[in-house]
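Accompanying notes for the structure given below.
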Amino acid sequence: MEFNILNNYFYQRDTVPLALALLGTLLIHESTEGITSGFIIETEAYLSKNDPACHAYRGKTKRNAAMFGPPGRAYVYFIYGNHHCFNVVSAAEGIGEAVLVRALEPVDGVELMKERRGKHHKVENLTSGPGKLCSAMNISREHNGISLQKPPLYLAKGKTVEKSSIDTSGRIGINQAQDKPLRFFLKNNLFLSR
DNA sequence: CGGGAGATGGGCT
DNA sequence: GCCCATCTCCCGA
């Protein structure tokens, strides 16, 4: 499937259009334990300007440095002492924007996801949240800053998404700029975070 | 079933 | 010390 990897051109657009374009694409992790993958069904845009919820809002630090790298790389951070969140870096190098991936529809490696997340979980609960999907896909800080255009972690062309099947809302779990309509998701998908 | 609290650790206000 | 782009468990209904 590597011939369907999304290349540099895919990432050459503004962050909001990229957050929309990422819906339906396939996120793949070829780990030593096996391959897991899933369609991206929920994203959030985090912008450099007028967006206090964005980690890059107060400038570049050691933690958020990957956000300021070239687009098409990963920005992974650790939160609440337990969880990782996976983002696709967007905008030109030096700007500091990214798209948070909040939920996946599992495709390959469902059994491996269950082993990682806990066998008692239903399929609908494996990747229906940013922390959950990182656990199921085994994505962690070691992936921070790496390219998403080659194995082991990469994005590939997925399923076609009609504009009419996409809905928008405020972003989840933030205390600032909750009113901004920067969350995008596939309506009625079983694997949404909410 | 929904709401609330605790877990847990890194970064910064 | 307090905050945080979260998850899970436990409780009451």
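So you know, we letter chains A, B, ... as the sequences are listed, proteins then strands, and number each from 1.
When all heavy atoms of A:R58 and A:Q176 are compared, the pair lying nearest together is NH2-NE2, 4.2 Å. The minimum heavy-atom distance linking A:R63 with A:Y77 is given by the pair NH2-CD1, 3.6 Å.
Residues satisfying the side chain to side chain donor-acceptor pair (under 3.5 Å) test with A:S169, not counting sequence neighbours, are A:R183. Evaluation of the ring-ring contact (aromatic ring centres under 6.0 Å, His included) rule for A:H143 yields A:H29 as partners, not counting sequence neighbours. For A:A53, the side-chain contact (heavy atoms from CB on, under 4.5 Å) partners two or more places apart in sequence, or in a different chain, are A:Y46, A:D51, A:R171, A:I174. Qualifying side-chain contact (heavy atoms from CB on, under 4.5 Å) partners for A:E33, counting only residues two or more places apart in sequence or in other chains: A:S31, A:L112, A:R116, A:N138. In this structure, the ring-ring contact (aromatic ring centres under 6.0 Å, His included) partners of A:F78, at least two apart in sequence or on a different chain, are A:H84.
Residues from residues 174-194 of chain A lying near DNA chain C, meaning a heavy-atom separation below 4.0 Å, are A:I174, A:N175 in numerical order. Of the residues in residues 49-75 of chain A, those with a non-hydrogen atom less than 4.0 angstrom from any atom of DNA chain C are A:A53, A:H55, A:M67. Within a heavy-atom distance below 4.0 Å of DNA chain C, the residues of residues 112-129 of chain A found are A:R117, A:H121, A:G129.
The environment of NZ in A:K163 is sparse: at most 12 heavy-atom neighbours from other residues, nucleotides or ligands sit within 6.0 Å. No more than 12 heavy atoms of other residues, nucleotides or ligands sit less than 6.0 Å from atom NZ of A:K150. Summarising the local packing, CG of A:D14 is surrounded by 12 or fewer heavy atoms from other residues, nucleotides or ligands at distances under 6.0 Å.
For residues 165-194 of chain A, the set of pairs meeting the ring-ring contact (aromatic ring centres under 6.0 Å, His included) definition, not counting sequence neighbours, is empty. Residue pairs meeting the ring-ring contact (aromatic ring centres under 6.0 Å, His included) criterion with at least one member in residues 120-140 of chain A, sequence neighbours excluded, do not occur.
In this structure, the side chain of A:E42 does not engage the main chain of A:L104 through any donor-acceptor pair within 3.5 Å.
Atom CG of A:N87 and atom P of C:dT6 are 11 Å apart (whole Å). Regarding A:Y46, its OH atom lies at a distance of 12 Å from the P atom of C:dC4, rounded to whole Å. For the pair A:Y77 OH and B:dC12 C1', the computed distance is 16 Å after rounding to whole Å. In this structure, A:I79 places its CD1 atom 12 Å from C1' of B:dT8, rounding to the nearest Å. For the pair A:L100 CG and C:dC4 C1', the computed distance is 13 Å after rounding to whole Å. Between the P atom of B:dC12 and the CZ atom of A:F78 lies a distance of 15 Å, rounded to the nearest Å.
Within the 4.0 angstrom heavy-atom criterion, base atoms lie near A:G81.
A cation-pi contact links A:R13 to A:F10, judged by a cut-off of 6.0 Å to the six-membered ring centre and 45° from its axis.
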Exercise. A:S147 and A:R73: side chain to side chain donor-acceptor pair (under 3.5 Å), yes or no, with the steps?
Worked result: CA-CA 4 Å; A:S147 170; A:R73 292 190 186 177; over 6 Å; no
For this session: For DNA chain C, just give me the dot-bracket, please: Watson-Crick or G-U, both distances below 3.5 Å, ( ) intra-strand, [ ] crossing earlier pairs, | paired with another strand, . unpaired.
Result: ||||.|||||||.
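Ring pair A:Y9/A:Y11: centre-to-centre distance not below 6.0 Å.
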Give each protein N/O atom lying under 3.5 Å from an N/O atom of nucleotides 3-7 of chain B, with the pair distance.
unit_1, atom_1, unit_2, atom_2, d
B:dA7, N3, A:N82, ND2, 3.4

